[in-house]
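Just so you know, residue 1 is the first one in the sequence shown, and it goes up from there.
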Amino acid sequence: MDFNVKKLASDAGVFFTRAVQFTGEKFGQVEKTELDAHFENLLSRADSTKNWTEKIFRQTEVLLQPNPIDHTGARIEEFLYEKLDRTVPSRPNNGELLGHYMQDAAKDFGPGTPYGSTLIKVGDCERRLGGAQREFLQTSAISFLAPLRNFLEGDWRTISKERRLLENRRLDLDSSKARLKKAKLAESKAAAVPDFQETRPRNYVLSASASALWSEEVDKAAHELRVAQTEFDRQAEVTRLLLEGISSTHVNHLRCLHEFVEAQTAYYKQCYLHMQDLQKELAGVSMPGFLLFPNAFAGNPGLSMASGGSSPQGNATLPQDAASAVETDTLKIEEVQAPATGTRKAKVLYDYDAADTSELSLLADELITVYTVPGMDSDWLVGERGNQKGRVPVTYLELLS
């Protein structure tokens, strides 16, 4: 092993000199070279970019994988496969697992039973939701998380390294300035007129010799200062170029953010369409005396699902107000008469606000009379409360008799 004692001693001396300079600056005993305002702004902007990028990156990971503790084993496995340059085996996510469990349960309970057949439909939907989530996670990891990680683990490490080197060059520069200042002060004292005790020839010789030594020390310190200034300026320019590259980083992260939003939009749209299809499949499923699956979006007309079918590609659906208008054109609710037989009592399960004059507003837990009329959509009944009459959605009712 090559052990260079001189290099070790030189490095130790440089480290000690920097430590003395740094300590003196902290106590305000020595001067410190200040960077220009533009450079300080670049440093502040870079630090802010690093801090917020790190927070956004960590929180996005939490959003995409809410329970990292539950996936510790999976992460270790992924790490090992990555080190071995092998493909990580695909494993089902929570949604896909839930879908499998539901379908297995349906086989056990009997796929021909109402519960079993519903489990099959819901399980298939959960599997499709899990597949959409898997695609969303993969897209987000590639288009959003990867660029943020590359900045934190690549660009920022380079910037930090060059900033530390710049700080060392500044300490060397200020230390050289202090050394030159001390040498000049000592030289001026040595060159001063000797007092009466130095009138002997021997003292003249010593004084002249000391003056020559300090002059030599001043020249050496001045040369070291020029070298330190050159190295500092060169390192400052390198660091400045890296810091100015933060603007390009912002542009890149802006593009990645747009891609992340697009991935989220596509994911939630796909989930909405899957749930819309599932709700349509379950529209006719009911238990004796109880109509199931109220529309959870009925309180928000903007999110209400139209009666007509829609394609999985997300074709525009007919708004609820427009659908109501179509039905009222063919069926005038005020002309409908209650049949002699076939009326039933129903309990209202949820509050409902009428969308137009043809509908009847409902309050939870109230009792109304309902009946069907020819030509009316199967999702609606005619409801009466006293002298008030109007269409009511069947999914908001529990039939009592």
Quick check for you: to the nearest 0.5 Å, what is the distance between [X] atom [atom1] and [Y] atom [atom2]?
{"X": "Ile246", "Y": "Trp156", "atom1": "CD1", "atom2": "CH2", "answer": "6.5 Å"}
{"X": "Leu145", "Y": "Gln138", "atom1": "CG", "atom2": "CD", "answer": "12.5 Å"}
{"X": "Leu148", "Y": "Thr60", "atom1": "CG", "atom2": "OG1", "answer": "7.0 Å"}
{"X": "Gln270", "Y": "Thr265", "atom1": "CD", "atom2": "OG1", "answer": "12.5 Å"}
{"X": "Leu43", "Y": "Glu40", "atom1": "CG", "atom2": "CD", "answer": "5.5 Å"}

Inset, instruction - Run the numbers on Lys50 and Glu54 for salt bridge (Lys or Arg N to Asp or Glu O under 4.0 Å), then give the verdict. - result: CA-CA 6 Å; Lys50 182 262 180 181; Glu54 193 170 37; 3.3 Å; yes

Inset, instruction - Could you tell me how the ring of Tyr350 sits relative to the ring of Tyr396: parallel (under 30°), tilted (30 to 60°) or perpendicular (over 60°)? - result: perpendicular

Does [X] reach the side chain of [Y], with side-chain heavy atoms less than 4.5 Å apart?
{"X": "Arg240", "Y": "His38", "result": "yes"}
{"X": "Arg170", "Y": "Phe232", "result": "yes"}
{"X": "Thr372", "Y": "Val382", "result": "no"}
{"X": "Val348", "Y": "Leu367", "result": "no"}
{"X": "Phe39", "Y": "Leu166", "result": "yes"}
{"X": "Trp52", "Y": "Phe57", "result": "no"}
{"X": "Thr239", "Y": "Ile159", "result": "no"}

Inset, instruction - Go through the side-chain N and O atoms of Arg226 and Gln229 and say whether any donor and acceptor fall under 3.5 Å apart. - result: no

Legend entry - Gln103 and Arg127 side chains, donor-acceptor separation under 3.5 Å: yes

Are [X] and [Y] within salt-bridge range, i.e. N to O under 4.0 Å?
{"X": "Arg391", "Y": "Glu359", "value": "yes"}
{"X": "Lys347", "Y": "Glu366", "value": "no"}
{"X": "Arg169", "Y": "Glu231", "value": "yes"}
{"X": "Glu61", "Y": "Arg58", "value": "yes"}
{"X": "Glu167", "Y": "Arg163", "value": "no"}
{"X": "Arg255", "Y": "Glu259", "value": "yes"}

For the residue pair [X] and [Y], what are the closest heavy atoms and their distance?
{"X": "Val218", "Y": "Lys184", "answer": "CG2-N, 3.7 Å"}
{"X": "Leu129", "Y": "Tyr267", "answer": "O-CE1, 4.5 Å"}
{"X": "Glu281", "Y": "Lys121", "answer": "O-NZ, 3.6 Å"}

Inset, instruction - Going by the side chain to side chain donor-acceptor pair (under 3.5 Å) test, name the single residue among Lys389, Glu384, Arg385, Lys345 that passes it with Thr369. - result: Lys345

